[in-house]
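Notes for the one structure printed next.
Residue numbers start from 1 in every chain, and the chains themselves are labelled A, B, ... in the order their sequence lines are given, proteins ahead of strands.
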Amino acid sequence: MQPTSYRTHGCGTLRSSDVGTIVRVAGWVRRVRDLGKFVFVDVRDRSGILQLYAPADSPWYQPLCALGREWVIQAEGRLRQRESPNPNLPTGEVELEVTALRVLNTAATPPFLVEDETDGQEELRLRYRYLDLRRPIMQRRLQQRARLMDILRRYLTAQGFLEVETPMLIRSTPEGARDFVVPARLRPGTFYALPQSPQLLKQLLMVAGCDRYFQIVRCFRDEDYRGDRQAEFTQLDCELSFVTREEILEIFEGLVRHVYAELLGIEVGEIKRLTYAEAMQRYGSDKPDLRYDLAWEEVTAWAHRQAVPFWQNKRVFWLWVAGVKASRNLQARWKALAEAAGLSLAFIQRAEGTYTTTLSKYFAPETLGLSEDGLGLWLAGEKLPGPELGLLRSTLIHDLNLPPQRPWALAWILDFPLFELTPEGRLTAAHHPFVQPHPEDLDRLEQEPLSVRSLAYDLVINGYEIMSGSLRCHTPQLQLRVFRALGLSEAEAYQQFGFLLEALGYGAPPHGGCAFGLDRWLMLLTGGTSLRDVIPFPKTASGADLMLQAPAPLSPEQKAEILRWLTVENT
RNA sequence: GGUCCGGUAGUUCAGCUGGUUAGAACGCCGGCCUGUCACGCCGGAGGCCGCGGGUUCGAGUCCCGUCCGGACCGCCA
């Protein structure tokens with residue numbers, strides 16, 4: 001804490017070695033404890049908590065007793081050793097014997113405890129966010145956030161990245177999430193859109209020769225909220241020229257390791273690499289939580305040799321959960337879950353060497369060669385592998401309260417499909433339409449587009465997609481081929497993405513990049529379960545800022561002007 | 001847009017199959033207290049039971065609607 005004319009020290013910085021010095025502190029009253037013959041007052045500032053002390057015969061005894069919670073005060077005195085130290089506090093060895101006190105501001109009684117263990121519910125905390133952020137735990141989260149950004153800036157700058165800002169008022173592009181839209185006053189009938197990401201702008205920066213770009217940038221997507229999703233969020237956005245996918249992975253693997261080492265002092269272990277196909281086959285998800293080793297194994301060939309009627313003509317997957325016993329109740333719930341998806345689920349339970357299974361009339365359990373107690377599951381269906389494998393895996397982990405094998409599991413997911421089908425059966429970009437097709441699959445782009453892999457990659461941490469990126473199409477010819485595969489004529493492509501195609505035609509270097517979801521990553525790094533804990537001023541699930549009371553109606557004048565813009569014909 | 005959970009004192013909650021005057025803890029106010037740190041002890045104040053309608057002799061409780069918060073599905077290239 002910086003000394004100012006109001007203070008000589010930060011409250012939380014004082015130790016036994018400072019005993020005897022005259023100290024002045026300024027901060028908030030956490031609590032007043034009047035014991036009759038003396039009084040203790042805890043003062044809090046960003047650095048921590050310090051205990052003030054005055055005996056009943058002190059002229060400051062009465063004024064200290066009269067303080068209220070969260071009043072802002074300045075206190076001066078000599079630091080002394082405590083008679084009864086508090087080992088739970090960094091400053092627990094010392095206290096300040098008050099010889100001067102000034103009330104800088106009083107405070108209304110706060111609606112909830114301004115403590116780590118607060119009694120306030122989230123709704124109330126959001127309404128009084130400034131009080132919520134005053135809690136030490138929230139202060140630490142703000143500090144962690146600032147540190148993370150500082151670490152990223154230093155690291156990337158040292159790696160030759162250039163920090164460049166891109167505009168917040170851009171144009172709406174088709175596909176993707178719903179845009180937030182801003183009427184353009186000077187051009188009635190036209191609109192800006194807030195960026196869902198600076199994707200195209202950073203590609204243009206590569207065309208400009210920036211070589212390596214990064215930006216810590218706000219992005220906007222007008223979609224529904226979740227605990228891990230806000231409409232307004234912060235990305236670390238990066239793009240590099242003249243690099244291969246392998247080089248990009250190495251650079252950002254370095255960044256991730258650096259962040260864990262600097263921020264948490266943790267050495268992250270191996271960062272696994274899985275193809276999308278492997279991830280779906282073994283975990284049923286493109287963002288599996290690999291803190292758990294649990295994995296599906298396909299046993300279709302074996303299953304077809306058994307006399308189980310509902311396994312014939314199906315693909316069958318086997319999952320073994322060692323050491324657990326599942327109640328009939330749980331088994332019934334999982335079965336219902338599978339059947340709701342049109343799949344069949346069968347169990348085998350081994351407990352103290354004895355088998356229980358509904359399939360005993362088809363084959364002897366002993367032939368499975370299980371060597372330990374546990375629960376086995378067979379999931380069978382025509383459309384497997386699919387997301388049901390993942391749903392069941394995570395439900396099992398949750399319902400059985402399985403312990404993770406490791407606190408951190410980082411993995412690259414590679415070789416995503418380039419395209420996927422919309423529910424209406426139309427071809428659409430799996431990632432975005434600027435991703436470069438995998439060179440090995442390029443000749444199938446027109447005939448078998450769904451089998452084409454892309455040069456996209458995701459970094460998955462503990463089941464969350466934390467970073468996502470790809471190599472991009474860098475020639476107009478290739479970009480047009482992808483657009484055409486997506487059903488866009490050359491005219492339509494130029495109409496929607498003319499500026500990009502034009503730029504690619506002016507000597508775009510090979511390039512690729514990625515974006516990290518910083519809020520989500522920080523949520524994991526600080527051990528939270530909600531983005532609202534790491535975003536200083538978040539919104540509720542319905543997009544409201546309970547403190548500012550946003551969104552709010554416009555004034556009649558503003559509203560009339562908007563209506564005029566909306567009704568102007570867009571030529 | 002859909003499903004589910006919640007809304008009672010400043011706060012967190014309890015309040016049974018509808019039944020007299022709606023409770024507890026913390027906080028707040030007053031008093032006492034020689035080492036507290038979730039101080040302790042004694043006393044006190046504090047309620048539009050989210051809002052609107054309905055059923056009923058009678059509604060915090062049951063029904064319908066609505067608003068707010070949360071979780072999940074859809075959505076999130």
Identify whether any heavy atom of [X] sits under 4.0 Å from a base atom; if not, whether one sits that close to sugar-phosphate; answer base, sugar-phosphate or nothing.
X: Asn88(A); result: nothing
X: Pro85(A); result: base
X: Ala56(A); result: nothing
X: Arg44(A); result: nothing
X: Gln121(A); result: sugar-phosphate
X: Phe40(A); result: base
X: Tyr53(A); result: base
X: Glu95(A); result: base

Please check if any side-chain donor atom of Gln51(A) sits under 3.5 Å from a side-chain acceptor atom of Thr91(A), or the reverse.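 Checked: Gln51(A)/Thr91(A) side chains show no N/O donor-acceptor pair below 3.5 Å.
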Spell out yes or no: do the side chain of [X] and the base of [N] have one donor N/O and one acceptor N/O closer than 3.5 Å?
X: Arg82(A); N: U36(B); value: yes
X: Asp222(A); N: C76(B); value: no
X: Gln51(A); N: U36(B); value: yes

Neighbours of RNA chain B within residues 10-25 of chain A, by heavy-atom distance under 4.0 Å: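 Heavy-atom cutoff 4.0 Å gives no residues at all.
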Please give me every residue in residues 511-527 of chain A whose heavy atoms get under 4.0 Å of an atom in RNA chain B, ordered by residue number.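 Within this stretch, nothing sits under 4.0 Å of the strand.
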Earlier contact from the 5' end, RNA chain B, for Asp42(A) and Gly120(A):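 Whichever sits nearer the 5' end wins; that is Gly120(A).
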For a quick check, with a 4.0 angstrom heavy-atom cut-off, what is the B/S/- contact string for nucleotides 24-30 of chain B, read 5' to 3'? ---SS--
Of the nucleotides U34(B), G10(B), U36(B), which has the atom closest to the Leu35(A) side chain?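 Within the option list, the nearest is U36(B).
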To the nearest Å, give me how far apart CD (Gln62(A)) and C1' (G31(B)) are.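 Nearest whole value for this atom pair: 13 Å.
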Given atom CZ of Phe112(A) and atom C1' of U11(B), what is their separation to the nearest angstrom?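 It works out to 10 Å between those atoms.
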Please identify each residue that fulfils side chain to side chain contact (heavy atoms under 4.5 Å, CB included) with Arg444(A), with sequence neighbours left out.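 Arg444(A) satisfies side chain to side chain contact (heavy atoms under 4.5 Å, CB included) with Asp441(A), Glu448(A), Ser451(A), Val452(A) only.
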Please output the side-chain donor-acceptor pairs of residues 536-554 of chain A that fall under 3.5 Å, not counting sequence neighbours, one pair per line with the distance.
residue, atom, partner, partner atom, Å
Lys539(A), NZ, Glu232(A), OE1, 3.1
Thr540(A), OG1, Ser542(A), N, 3.3
Thr540(A), OG1, Ser542(A), OG, 3.4
Thr540(A), OG1, Ala544(A), N, 3.3
Asp545(A), OD1, Met547(A), N, 2.9
Asp545(A), OD1, Leu548(A), N, 2.9

Show each protein N/O and nucleotides 68-74 of chain B N/O combination with a separation under 3.5 Å, one pair to a line.
residue, atom, partner, partner atom, Å
C68(B), O2', Glu123(A), OE2, 3.1
G69(B), OP1, Thr540(A), OG1, 3.0
G69(B), OP1, Ser542(A), OG, 3.3
G69(B), OP2, Ser542(A), OG, 2.7
G69(B), O4', Glu123(A), OE1, 3.3
G70(B), OP1, Ala541(A), N, 3.2
G70(B), OP2, Ala541(A), N, 2.7
G70(B), O3', Arg532(A), NH2, 3.4
A71(B), OP1, Arg532(A), NH2, 3.1
G74(B), N7, Arg226(A), NH2, 3.0
G74(B), O6, Asp224(A), OD2, 3.4
G74(B), O6, Arg226(A), NH1, 2.9
G74(B), O6, Arg226(A), NH2, 3.4
G74(B), N1, Asp224(A), OD2, 2.6
G74(B), N2, Asp224(A), OD2, 3.4

Any side-chain hydrogen bond (donor to acceptor under 3.5 Å, both in side chains) involving residues 53-64 of chain A? Give me the pairs, sequence neighbours left out, ordered by first then second residue.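 Every pair satisfying side-chain hydrogen bond (donor to acceptor under 3.5 Å, both in side chains) with a residue in residues 53-64 of chain A: Asp34(A)-Tyr61(A).
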Just jot down the salt bridge (Lys or Arg N to Asp or Glu O under 4.0 Å) partners of Lys287(A), sequence neighbours excluded, or say none.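 Result, salt bridge (Lys or Arg N to Asp or Glu O under 4.0 Å) vs Lys287(A): none returned.
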Checking Phe419(A) now: which residues fulfil ring-ring contact (aromatic ring centres under 6.0 Å, His included) with it, not counting sequence neighbours?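 Phe419(A) satisfies ring-ring contact (aromatic ring centres under 6.0 Å, His included) with no residue once adjacent residues are dropped.
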What pairs of residues pass the ring pair (Phe, Tyr, Trp, His ring centres under 6.0 Å) test when at least one of them lies in residues 469-502 of chain A, not counting sequence neighbours?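 Matches after skipping sequence neighbours: Phe434(A)-Phe497(A), Phe483(A)-Phe497(A).
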Taking salt bridge (charged side-chain N to carboxylate O under 4.0 Å, His left out) as the cut-off, I'd like each qualifying pair that reaches into residues 76-92 of chain A, sequence neighbours left out, listed once.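 Qualifying pairs, neighbours excluded: Arg24(A)-Glu76(A), Arg80(A)-Glu95(A), Arg80(A)-Glu97(A).
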Pairs satisfying salt bridge (charged side-chain N to carboxylate O under 4.0 Å, His left out), at least one member in residues 478-497 of chain A, at least two apart: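 Listed by first then second residue: Glu446(A)-Arg481(A).
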Are Leu169(A) and Val182(A) side-chain neighbours, meaning at least one heavy-atom pair lies under 4.5 Å?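 The answer is yes; the side chains approach within 4.5 Å.
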